[in-house]
Amino acid sequence: QFPRECVTLEGLRSGQCCPSPFGVANDACGSATGRGQCISIAADASPHGPQYPHDGRDDRERWPIRYFNRTCQCNGNFTGYDCGRCMHGLTGLNCDQPVAIVRRNVMQLSADQKRAFVTALDQAKRTVHPDIMIATRRYQDVFGPDGNTPQFENITIYNYFVWTHYYSVSKTFLGDGQPSFGGVDFSHEGPGFVTWHRFHLLQLERDMQDMLQDPSFALPYWNFAIGGSTCDICTDDLLGARSNLNMNSISTNSIFSNWRVICESVEDYDTLGTICNNTETTPIRRNPAGNVARPMVQRLPEPQDVADCLQVNTFDTPPYYSTSSESFRNTIEGYSAPQGNYDPVVRSLHNLAHLFLNGTGGQTHLSPNDPIFVLLHTFTDAIFDEWLRRHAPDSAVYPSENAPIGHNRGYNMVPFWPPVTNAEMFLTAPENLGYSYEAEWPAAPFTLTEIITIAMVAALVIVAVIFAATTCVVRARSYSKLEGRQPLLGEQYQRYDDDKSQSVV
Ligand SMILES: O=C(O)c1cc2cc(O)c(O)cc2[nH]1
């Protein structure tokens with residue numbers, strides 16, 4: 001969540017996090033070379049929805065003001081917590097060389113590419129994040145028992161990916177002996193679902209690019225909308241087959257059988273007010289299609305579900321929550337039926353894919369511990385990007401107020417650093433974020449308005465043709481009467497006419 005340079009006693013007390021990219025004095029945010037400057041943070045002050053009634057009690061309110069109120073604002077194509085790196089889609093010393101990466105279907109990668117991806121994930125699970133440290137206490141205890149020992153810890157790149165998701169969904173601690181408040185979620189059940197998870201993936205992808213020293217590294221996706229009850233990516237060359245010995249475990253032929261999860265001690269977090277740290281505990285559990293108590297989540301979404309959800313026109317609808325109807329966001333998230341109508345018993349698309357996994361990947365505080373999460377979410381993001389391309393929405397369709405806390409357009413997404421708003425991720429990816437998806441989508445069928453327009457044009461054409469033909473016939477007859485010739489008439493008429501003219505004569 002915060003750069004290592006900033007979580008010192010001095011940094012925390014100053015409320016300022018503006019390091020130099022070159023580690024030199026008097027160069028906050030690389031100001032000496034014109035890269036950026038240290039400025040006050042604008043935190044969203046618009047009202048949030050009624051779901052969260054505990055204002056003042058949670059460190060994540062008006063993120064990241066509880067911890068820091070000054071950060072770097074970078075110039076031109078520079079970005080990052082110290083303006084030391086390039087905006088998405090650019091690379092090079094001066095950040096002026098375009099780099100476009102392509103996210104591909106994981107099933108269509110070559111054997112070597114699959115192996116490279118699995119190995120890279122495993123390396124990320126074991127490599128300490130070079131820049132970031134996580135708080136292991138809430139703000140009121142973050143200076144430690146003696147008031148001089150900041151409670152921050154190193155974390156690995158992949159575990160940081162897990163931790164950020166956990167931190168965004170964790171309950172609000174209301175004090176010893178009080179039940180924690182669970183009606184809060186800074187990354188789900190609101191418009192921020194699509195924007196938050198988009199940035200979450202970008203951050204992992206970028207951390208892995210740095211780790212691999214390969215700016216072209218791209219996360220692949222899992223097309224989970226294949227129907228049926230088989231997890232096609234659960235093979236040992238990809239995300240791990242099922243163990244022969246235990247229905248809920250991953251085969252020992254897969255590297256992922258060695259992975260241990262973090263953030264399992266929810267009881268402690270909720271009763272003691274502690275925070276998840278980098279401590280790894282038990283193996284990943286996964287039993288695809290195995291939830292016998294809920295037959296509805298024993299099958300994956302169907303291809304038609306994706307086609308249907310792409311046709312939901314409105315981005316989100318009041319109350320901008322998991323109860324929203326006719327909302328694209330609530331449909332792709334999976335609280336509505338694929339056609340958009342809200343139904344409390346329905347689980348579809350993204351939610352259904354999570355629940356299908358039936359284990360670590362189906363519980364919000366743990367789900368990214370199962371690396372299937374990465375591929376499930378790149379596909380969800382691909383659908384979001386296709387929706388943005390087809391519907392070309394104005395930024396104003398994203399609610400600026402009264403969304404659940406964390407989900408307003410101008411809210412800084414929790415717990416990312418440097419601050420980044422939901423609005424910044426509400427843009428088509430190829431043009432604005434430097435990546436695209438190699439994917440085929442069902443063709444958009446005609447809308448009702450288009451069908452009516454086509455019918456009206458067709459009717460007009462038919463009327464015009466009939467009119468033109470009639471006019472020609474009438475003109476021809478008049479002409480023939482005038483000239484005594486019948487150039488447009490058939491033989492029969494000619495004979496009849498000839499007979500008539502003969503009898504008259
Ligand atoms: O019950 C659901 O609908 C559900 C479970 C689950 C797990 C997860 O990690 C998510 O991100 C969402 C989600 N929804």
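Both ligands and their constituent atoms are indexed starting at 1 by order of listing.
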Restricting to ring pair (Phe, Tyr, Trp, His ring centres under 6.0 Å), what partner residues turn up for Tyr158, sequence neighbours left out?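 By the ring pair (Phe, Tyr, Trp, His ring centres under 6.0 Å) rule, Tyr158 matches Phe161, Trp259.
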Before you tell me yes or no, could you show the steps for Cys83 and Cys74 under disulfide (SG to SG under 2.5 Å), namely the whole-Å CA-CA distance, both residues' side-chain angles and the distance that decides it to 0.1 Å? CA-CA 5 Å; Cys83 300; Cys74 308; 2.1 Å; yes
Regarding Ser170 and Arg60, is there a side-chain donor-to-acceptor distance under 3.5 Å anywhere? yes
List the atom pairs, donor and acceptor, that lie under 3.5 Å between side-chain atoms in residues 102-110 and the rest of the protein, sequence neighbours left out.
residue : atom : partner : partner atom : Å
Arg103  : NE   : Glu205  : OE2          : 3.0
Arg103  : NH1  : Tyr437  : OH           : 2.7
Arg103  : NH2  : Glu205  : OE1          : 2.8
Arg104  : NE   : Glu438  : OE1          : 3.2
Asn105  : OD1  : Met107  : N            : 2.9
Ser110  : OG   : Gln113  : N            : 3.1
Ser110  : OG   : Gln113  : OE1          : 3.3

For atom 11 (O) of ligand 1, what is the nearest protein heavy atom, given as residue, atom name and distance?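 The answer is His188 NE2, 3.0 Å.
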Among all protein non-hydrogen atoms, which one is nearest to atom 8 (C) of ligand 1, and what is the separation to 0.1 Å?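 Here the nearest protein heavy atom works out to Thr364 CG2, 3.4 Å.
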Close-contact set for ligand 1 against [X] heavy atoms, below 4.0 Å:
| X | value |
| --- | --- |
| Ser367 | 8 (C), 9 (O) |
| Arg347 | 1 (O), 2 (C), 3 (O) |
| Asn351 | 3 (O), 4 (C), 12 (C), 13 (C), 14 (N) |
| Gly362 | 5 (C), 6 (C), 7 (C) |

For the CH2 atom of Trp222 and the CD1 atom of Ile372, what is their distance to the nearest 0.5 Å? 5.5 Å
Between ligand 1 and His350, can you find any atom pair, the residue atom being a heavy atom, that is separated by under 4.0 Å?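 Flag set, His350 near ligand 1.
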Judging by distance only, is a nitrogen or oxygen of His197 under 3.5 angstrom from one on ligand 1?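 In fact, backbone or side chain, His197 has no N or O that close.
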Quick one: does ligand 1 sit under 4.0 Å from the side chain of Leu366, the backbone, both or neither, non-hydrogen atoms only? neither
Relative to the ring of Phe2, is the ring of Trp63 parallel (under 30°), tilted (30 to 60°) or perpendicular (over 60°)?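 The arrangement is parallel - the two ring planes meet at less than 30°.
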Tell me if the aromatic rings of His407 and Tyr411 count as close, with their centers under 6.0 Å from one another.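 No, too far apart.
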